[in-house]
Every structure is written in structure tokens, then in C-alpha cells.
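Residue numbers start from 1 in every chain, and the chains themselves are labelled A, B, ... in the order their sequence lines are given, proteins ahead of strands.
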Amino acid sequence: MTSGSAPTGTPRPLVRTRFAPSPTGYLHIGGAWTAFFNWLHTRHQGGVFILRIEDTDRSRSTQAYEAALLEDFRWLGITWDEGPDVGGPVGPYRQTERAHLYAEYAQALRDRDAAYPCYCTPEELDAERRQADAAHRPHRYSGRCRDLSPVQRAAFEAQGRRPSLRLRVTSLSEPIVIHDIIRGPVVFEPEHLDDYIIVRSDGSPLYNFANVVDDHLMNVTVVIRASEHLSNTPKQFVMYQALGWAPPAVAHLPVILGADRKKLSKRHGDTAVREYRDRGFLPEAILNFFALMAWHPESEREVYALDELIGGFRLEAVGRASPIFDLDKLTWLNGVYMRRLIEQDQERVVDLCAQILQREGLLAGPPAGEQRRYLSRVIEVVGDRLKVGRDIVAYGDFFFREVEHDPAASVRYLTPAAAPLLAAYADALAALDPFDAKTIEAALRRVCAEAGVDARALIHPARVALTGKTTGPGLFELTELLGRERGLRRLRRAAEEAAKSPTA
RNA sequence: GGCCCCAUCGUCUAGGGGACCAGGACGCGGCCCUCUCAAGGCCGAAACGGGGGUUCGAAUCCCCCUGGGGCCA
């Protein structure tokens, strides 16, 4: 920034957004997507993105999950400017460390009589609800504690009752209109609101209260969150009024659905970002894929660099309909990025595959030296079959362990007719010099020509012999990499097996 | 059950009154390439949920219905 430049006119208010996860599990695809749209909008506007930890549910929140959350965001490349680890001017950034603030504003509301203590027991409230149900009326709190006298309150206290705190919702006849950036005006009739609890009898604040206090104190200017919170918005709107604060702008994103059109959950398979990481997905592919749900950048392309996404992002243009999570498309996109990476930054692919191979028990530890070069060659040979990291196992496991013949492949190709061909081929390879893809191919074709058979009659059995499968990398390349010794052993073993195989 | 949201190919989407007998992508099918599988190339099937309006004209605007979803209970 140039120090000499004079500011002109009113300074543009800085955009401040936040993502506020609960550390009760691993980062969810839906949460990551929501955070990403927050992040895109903020980076587009040159604003500040805040990470706030909503850990008020102490029974389910853990430090381990919080650490995992931060780790997953870092892995994705979603960075925050203020948060529990980096701090910031409006901290702390963990709700459990902000208890004094909720207490302070709860007291302020009480002092102003905008909130009142409610002594109803769960049983009494339950009875109210059942009555409403029986009468087929929507249940709202009766408000029986709304106008208790000091004497009545003292009497309840004397009984040992601990009050919760309820917001006195001034029942205006005016509808509440939320101007949602994505959805436009959304109207809520006030009679559906009741005096809701903002602090439990144990003193812990409820979501709609803590959230409002935090967003306001953290100067959040736009709340971008999933539309499952849309019905909470009028409650919060009333809260802002009670506190005398101006509410932030809101934008409600649609909810990501599974193939059955239900909210994406564990039933649909992997929903944690971490699981995709473990399967060998690339963060840049995931973000690119995220950008294609409920939004689409400019042109008729699917692949976008991150700075293009930031440059072109428009919150108002985000779709209102819920997208279905399409794993096929993510996998395809990951393949696009993987192929590019093999060309441009193979070391990253090596690291990715190494981790997966270790987890599968196919590598003892992080590969170094000769082993690393070998893995690198395996990746080249597997080539564009590698769409996700895990494919290294599906296509290249035989490079790291003994072959196991797939039964169906064995029945089909390791036949008595193939046995002499495999044996002859093994003999030919034994004498080969040099031992490379080119000479290997020539040797195979020679064996077939001498036997008067099509090359396929040997190629397919040889692949099964060497890899155990009917699909995979080119036979000659993989044979070269496997090496003469292992190649001969596998071919001869397969030749024996084929000779003993019953004729079809 | 109450409140709210949503609706273009199977899926992600473009489109915002005439440019649309609706474009792109994934997936699917066929062909080419080829030692298989991928990748790549070419071709193809595939959608405006229904009904009323408004308008000279509606995928686009309005209403109703239907369907789906979310929240609360």
C-alpha cells in the first residue's frame, strides 16, 4: 500500500465472513463446501475470513476434532485470517472461551426486561406440547412465566427451581422480512415465533443466542450458511432487535444431497473430507468440483484454476436448488488433475501413492532412493489409469507383492492351450538382451509367429500370469519394470497352472 | 402436523420473454485407436413436472396443483 495515496470518499466497508463448525466430527463435505463459498466470496472482495469454533456442546466436542478440522481446511487450501490458532482482534475464537460474553449480554437483556427467567420444568413444557398436539395446534410456548411477579419468582426459587432465560418476543403484527442475497425476500409471519430459550437453566447459551452475540461482536458483515438455518433467521433477527444491533446481511446456500435426494450423510458413503483425502483425491480437484455445485463460473468449461474461481465468484449468482453430490464427476475431475500432476509435479503423486501403499501394507515405510525411483516408474507405467491415488493399488498392486490370479481371469486365459506358449515365452525372455519393452514385445511376437497363433493368444495369458488381472498397464512396459527374474518366475508358475487346468 | 425453501437431460449446470424443435460437462451407448483397461478422437440417446393465466410470442413473468427438500415438533 502506498503511504502517500489519500483515501477518497467513504471507505468501502470491509467484508467479514465466518465459518463456525462444531468440533464434533471430521470436516464434512457439506461444511467444507459452505466454508469454500464463504472463502471465495471473501477473497473475491478482499475481506476477512474468520474461523470460529462452536464447541459449546462439551459432551461431543473434542480438541482432537478441532485439530482435525483445522488440518483438513489447511489441506484443502482454505485459509482463514482470524481463528483459534492465529487469534485476531475480536477473539477469543472458541465459544467455550466466550462464556463471559454470553453471560454479559444475557444480563443486559434481563436488565432491560427483554428477557425473563422461566421456571417451567421439562415435564411441564412437555405437557404443554402434548396438549397442543392433541388439539392439532402448532405448539408455541404459552408464556406462563412471562409476567411473573417477584414474589412468584422467589417462590419458584425457594422450591429449588433453576430458571432458563427466555427472550421476550415483542409480538408485533409486522411480518419479518429477511432479504437473502441468494433467495431474495423471505417473509415470516410473527405469530409463529414464541418466547424462545436463549440460556439453559445450567447457564449454557443456545445456538441462536451465542451465534448472534458472536457474529455481532466479530463484526461479521455477511453470514453465508446452509439453508437449513433459514428457519432460524427470524429468531435471530428478533434477537438483533432486542440487543439493539443491526443484523448482518445473510445468504443461504442450498443443502448438498445424496443420490436419494436426502441431505448428504454417512448413509451415502464417505462424507468426510478426510476420507477423500485418504482415497487419494486432490484438494485442488475437490475445490474445483465444489465450485461446480450450485454455481458455475463463466464459460463452458469445467476446469478452473483457483484464482479464476476467486475472480469470477458472485454470491448473488449462486443457485437456490439443492445439488446432488456426484462422485462420478468428482472422480473424473480428479483424473484430469492427476494426469496434469503426473506431467508437472510427479513427486507429489509419488508421495500421495506412497502413503496409500503404506496404508495398504504394500510398502514398509516412506520409500527412498531406489525404491522411490521404482514407485515413480510404476506411476508412469500405470499412467492415466490413475484417477485417484487409490488406483495405484487397483492397477499396480502386483508391482509390490506376489500375484494372485483372479479366478475368472485364470479360468479364461490360463488354459492348457496357453501353457506351451507361456513356457516358450519364458524361455525367450530368459535369453533376452537388453531386457526392455521393445525387445520384450519383439520376443513375444516371435514366439507367437513360430507357434502360428495371433499375438493375443499369448498377450492375455501373459498379463494374467504377471499381474493376476485382465486389465491394466501395457504388457511390455509392465514386464520391463517387473524385471526378468520376477517375470520368469510368474510366467513359469502360470504355465504349470495352465497345463493342469481342465479344458473348458 | 406447522413454517420455510426449491423445481431445465439420470447427475452438475447454461439460459432471466423472440438468439432455444434448449447449449456445455459427468455418466451412458456406438465407432475409431489398440495387447486389455484407461486416456484420447468422432458420433449418438437423453430435459424445460402438470394445469391455468399474462403476452403477438414463454424454459424464462404470475397463480394453482404435484413432487422434492430443510427446519421445528
Side-chain angles (χ1 to χ4, degrees), chain A residues 30 125-126 128-130 132-141 176 178 180 182-194 196 207-208 226-235 252-264 288-303 317-336 338-339 342 381-387 391 394-395 409 412-413 437 440-441 444-445 448 454-464 466-467 469-479:
Chain A
L125 262 13
D126 235 42
E128 270 193 12
R129 188 173 306 121
R130 269 197 298 275
D133 276 357
H136 297 287
R137 313 190 62 152
H139 171 251
R140 297 172 61 215
Y141 173 59
I176 297 166
I178 305 298
D180 190 290
I182 293 171
R183 280 153 216 282
V186 183
V187 180
F188 296 87
E189 297 302 329
E191 61 261 29
H192 299 297
L193 287 175
D194 61 359
Y196 65 97
Y207 170 81
N208 284 318
S227 63
E228 53 204 24
H229 294 291
L230 187 53
S231 12
N232 279 324
T233 312
K235 283 187 178 184
H252 286 94
L253 264 23
V255 176
I256 298 179
L257 271 24
D260 60 355
R261 298 187 175 278
K262 298 262 189 283
K263 194 162 101 176
L264 192 65
N288 190 151
F289 173 72
F290 277 174
L292 267 22
M293 280 193 291
W295 185 58
H296 200 283
E298 46 175 81
S299 51
E300 298 201 322
R301 271 191 294 146
E302 311 298 311
V303 183
V318 171
R320 295 175 291 275
S322 294
I324 292 171
F325 182 80
D326 185 357
L327 184 57
D328 283 337
K329 189 152 184 175
L330 206 210
T331 304
W332 166 78
L333 200 51
N334 204 75
V336 172
M338 198 66 99
R339 268 171 255 137
I342 289 173
V381 166
V382 172
D384 51 28
R385 291 165 191 83
L386 202 67
K387 291 187 183 170
D391 289 338
Y395 286 110
R412 178 149 178 219
Y413 291 113
I440 292 164
E441 174 164 10
L444 181 137
R445 294 199 186 278
C448 289
D454 189 276
R456 290 184 186 90
L458 178 50
I459 285 173
H460 295 310
R463 171 173 287 104
V464 176
L466 296 173
T467 74
K469 308 174 214 299
T470 55
T471 62
L475 181 67
F476 312 116
E477 291 73 29
L478 76 85
T479 307

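The interatomic distance linking A/N232 (CG) with B/A73 (P) rounds to 10 Å, in whole Å. For A/F289 and B/C26, the CZ to P distance is 13 Å, given to the nearest whole Å. The CZ-P distance, from A/R412 to B/U36, rounds to 11 Å in whole Å. A straight line from CD1 of A/I176 to C1' of B/C4 spans 13 Å, rounded to a whole angstrom. Atom C1' of nucleotide B/C71 and atom NE2 of A/H192 are separated by 14 Å, given to the nearest angstrom. Here B/A38 presents its C1' atom at 11 Å from CZ of A/R463, a figure rounded to the nearest Å. For the pair A/I459 CD1 and B/C37 C1', the interatomic distance rounds to 14 Å; values are reported in whole Å. We find that NZ of A/K387 is positioned 11 Å from P of B/C26, with the value rounded to whole Å.
To the nearest 0.5 Å, the span separating CZ on A/F188 from CD1 on A/I178 amounts to 6.0 Å.
If you take atom P in B/U54 and the same atom in B/G30, they sit 49 Å apart, rounded to whole Å.
When each of A/V255 and A/H460 is assigned the nucleotide of RNA chain B bearing its nearest heavy atom, the one mapping closer to the 5' terminus is A/H460. Where A/L386 and A/H229 meet RNA chain B, the nucleotide closest to each residue was compared, and A/L386 sits on the side nearer the 5' end.
With A/R463 as the partner, the side chain to side chain contact (heavy atoms under 4.5 Å, CB included) test is satisfied by one option alone out of A/T470, A/L458, A/L475, A/T471: A/L475.
Using N1 to N3 plus N6-O4 or O6-N4 for Watson-Crick, or N1-O2 and O6-N3 for G-U wobble, each under 3.5 Å, B/C71 pairs with B/G2. Look at B/A25: its Watson-Crick or wobble partner, with both distances under 3.5 angstrom, is B/U11.
No contact: A/R301 has no heavy atom under 4.0 Å from any strand. At the heavy-atom level, A/E298 lies nowhere under 4.0 Å from the strands shown.
For the pair A/K235 and A/Y196, the cation sits on the ring face: its NZ or CZ lies under 6.0 Å from the ring centre, inside 45° of the axis.
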Output one line per pair: protein atom, nucleotide atom from nucleotides 7-11 of chain B, and distance, for all N/O pairs under 3.5 Å.
from  : atom 1 : to     : atom 2 : distance (Å)
B/U11 : OP1    : A/R261 : NH2    : 2.4

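Side chain A/R385 to base B/C37: a donor-acceptor pair is found below 3.5 Å.
Residue A/K263 has a polar side-chain atom (N or O) positioned under 4.0 Å from OP1 or OP2 of B/C71.
Relative orientation of the A/H460 and A/Y413 rings is tilted, given thresholds of 30° and 60° on the angle between their planes.
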